[in-house]
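Structure first, commentary second.
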Amino acid sequence: MRFNRMLLSTTLVVVALVVQVSILARLQLPGAVPDIMLLTVLGLAFVYGHVSGALIGFGAGLLADLAPPADHAVGRYALVLCVIGYLAGLAKPESGQLRSASGPMAAVVVAALASTMLYAGVGALVGDTAARHVGIGWLLFTSALYDLLLAPFVVPLVMALARRAENDPFADTQSSQGNDVATGWLSSGTGLRIGSQRGGLRIKAARSRAAKAGRIKGVKRL
């Protein structure tokens with residue numbers, strides 16, 4: 001990934017993690033917890049594509065696995081967000097802009113359900129049975145509901161920031177435009193013509209001075 005993508009993605013993921021741990025995790029809502037980390041990964045994957053989405057999802061999930069008060073195996077949530085980021089990136093439009101809100105909202109619901117089921121499935125493989133005690137059906141419903149309510153405030157903002165980072169004035173496109181301008185100046189021959197005109201004037205002036213000097217000397221000799 002390019003530097004501006006890495007910088008923006010890291011900043012957004014860290015901010016989302018702080019909000020997730022310090023605010024959303026302490027709301028004591030019934031059922032699941034609103035997952036702003038998931039929404040941030042979705043917004044970035046919608047703009048950057050499946051490869052960057054998978055990388056960002058893995059990094060975001062790994063930070064969530066290491067951040068206190070995490071009580072699950074390290075790498076569990078990283079796997080979940082990596083898969084979600086990859087799948088969301090496959091739905092990336094060519095222009096990076098979505099024409100309607102129905103598509104992103106449907107993607108948020110699907111991602112919330114898939115992440116909850118994948119997280120519970122991986123937990124069952126490593127011996128974590130917490131989802132069974134709460135009820136997987138209730139977790140699926142509340143996670144989809146909370147993420148859907150939070151998505152209009154997170155996903156559009158993340159996508160707008162990602163698109164602005166893609167239009168960095170110091171990107172390669174601007175430098176290529178500068179090279180084209182320079183190439184156009186050289187191909188037009190403006191500078192060369194001015195230089196040749198100045199050189200021609202200097203040569204003419206030198207010749208006229210030499211001719212005058214020859215005339216003067218000829219007059220003196222006569």
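Count residues from 1 along the sequence.
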Report all side-chain donor-acceptor pairs from residues 141-158 shorter than 3.5 Å, counting only partners two or more places apart or in another chain.
from	atom 1	to	atom 2	distance (Å)
Thr142	OG1	Ala32	N	3.0
Thr142	OG1	Trp138	O	2.8
Thr142	OG1	Leu139	O	3.2
Ser143	OG	Thr116	OG1	3.2
Ser143	OG	Leu139	O	2.8
Ser143	OG	Leu140	O	3.0
Tyr146	OH	Pro30	O	2.7
Asp147	OD1	Asp35	N	2.9

Between [atom1] on residue [X] and [atom2] on residue [Y], distance to nearest 0.5 Å:
X     : Y      : atom1 : atom2 : answer
Leu87 : Leu42  : CG    : CG    : 10.0 Å
Ile84 : Leu39  : CD1   : CG    : 11.5 Å
Tyr48 : Met159 : OH    : CE    : 11.0 Å

Does any N or O in the side chain of Arg76 come within less than 3.5 Å of the main-chain N or O of Tyr119, such that one atom is a donor and the other an acceptor?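 Between the backbone of Tyr119 and the side chain of Arg76 there is a qualifying donor-acceptor contact (under 3.5 Å).
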Which residues satisfy the side-chain hydrogen bond (donor to acceptor under 3.5 Å, both in side chains) test with Ser115, sequence neighbours excluded?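 Ser115 satisfies side-chain hydrogen bond (donor to acceptor under 3.5 Å, both in side chains) with no residue once adjacent residues are dropped.
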Tell me, please, which residues at least two apart from Ala60 pass side-chain contact (heavy atoms from CB on, under 4.5 Å).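 So Ala60 forms a side-chain contact (heavy atoms from CB on, under 4.5 Å) with Val13, Met37, Val41, Leu81.
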Quick one: list whatever passes side-chain contact (heavy atoms from CB on, under 4.5 Å) with Ala78, sequence neighbours left out.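 Per chain and number, Ala78 pairs via side-chain contact (heavy atoms from CB on, under 4.5 Å) with Phe58, Leu62, Asp65.
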Taking atom CE of Met117 as the centre, report whether more than 12 heavy atoms of other residues, nucleotides or ligands fall under 6.0 Å from it.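 No, CE of Met117 has 12 or fewer neighbouring heavy atoms, counting only those of other groups under 6.0 Å.
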Among all residues two or more places apart in sequence or in another chain, which pass the ring pair (Phe, Tyr, Trp, His ring centres under 6.0 Å) test with Tyr86?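 Scan of Tyr86 (ring pair (Phe, Tyr, Trp, His ring centres under 6.0 Å), adjacent residues dropped) gives His50.
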Tell me the closest heavy-atom pair linking [X] and [Y], and the distance in Å.
X     : Y      : result
Leu7  : Thr11  : O-OG1, 2.8 Å
Asn4  : Ala165 : ND2-O, 2.7 Å
Ile56 : Ser9   : CD1-OG, 3.3 Å
Leu44 : Ala162 : CD2-CB, 4.1 Å

With a 4.5 Å cut-off on side-chain heavy-atom distances among I, L, V, M, F, W and Y, is there a chain of contacts connecting Leu63 to Val122?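 Both belong to a single hydrophobic cluster.
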Do Met105 and Val110 share a hydrophobic cluster, counting only Ile, Leu, Val, Met, Phe, Trp and Tyr and linking them when any side-chain heavy atoms are less than 4.5 Å apart?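 No, Met105 and Val110 fall in different hydrophobic clusters.
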Take Tyr77 and Leu38 through the side-chain contact (heavy atoms from CB on, under 4.5 Å) test and state the conclusion after the steps. CA-CA 10 Å; Tyr77 199 49; Leu38 174 65; 4.3 Å; yes
When you compare the side chain of Leu29 with that of Pro34, does any pair of heavy atoms fall below 4.5 Å?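 They are in side-chain contact.
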Suppose the criterion is side-chain hydrogen bond (donor to acceptor under 3.5 Å, both in side chains): which pairs have a residue in residues 19-31, not counting sequence neighbours?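 Checked against side-chain hydrogen bond (donor to acceptor under 3.5 Å, both in side chains) - neighbours excluded - no pair reaches residues 19-31.
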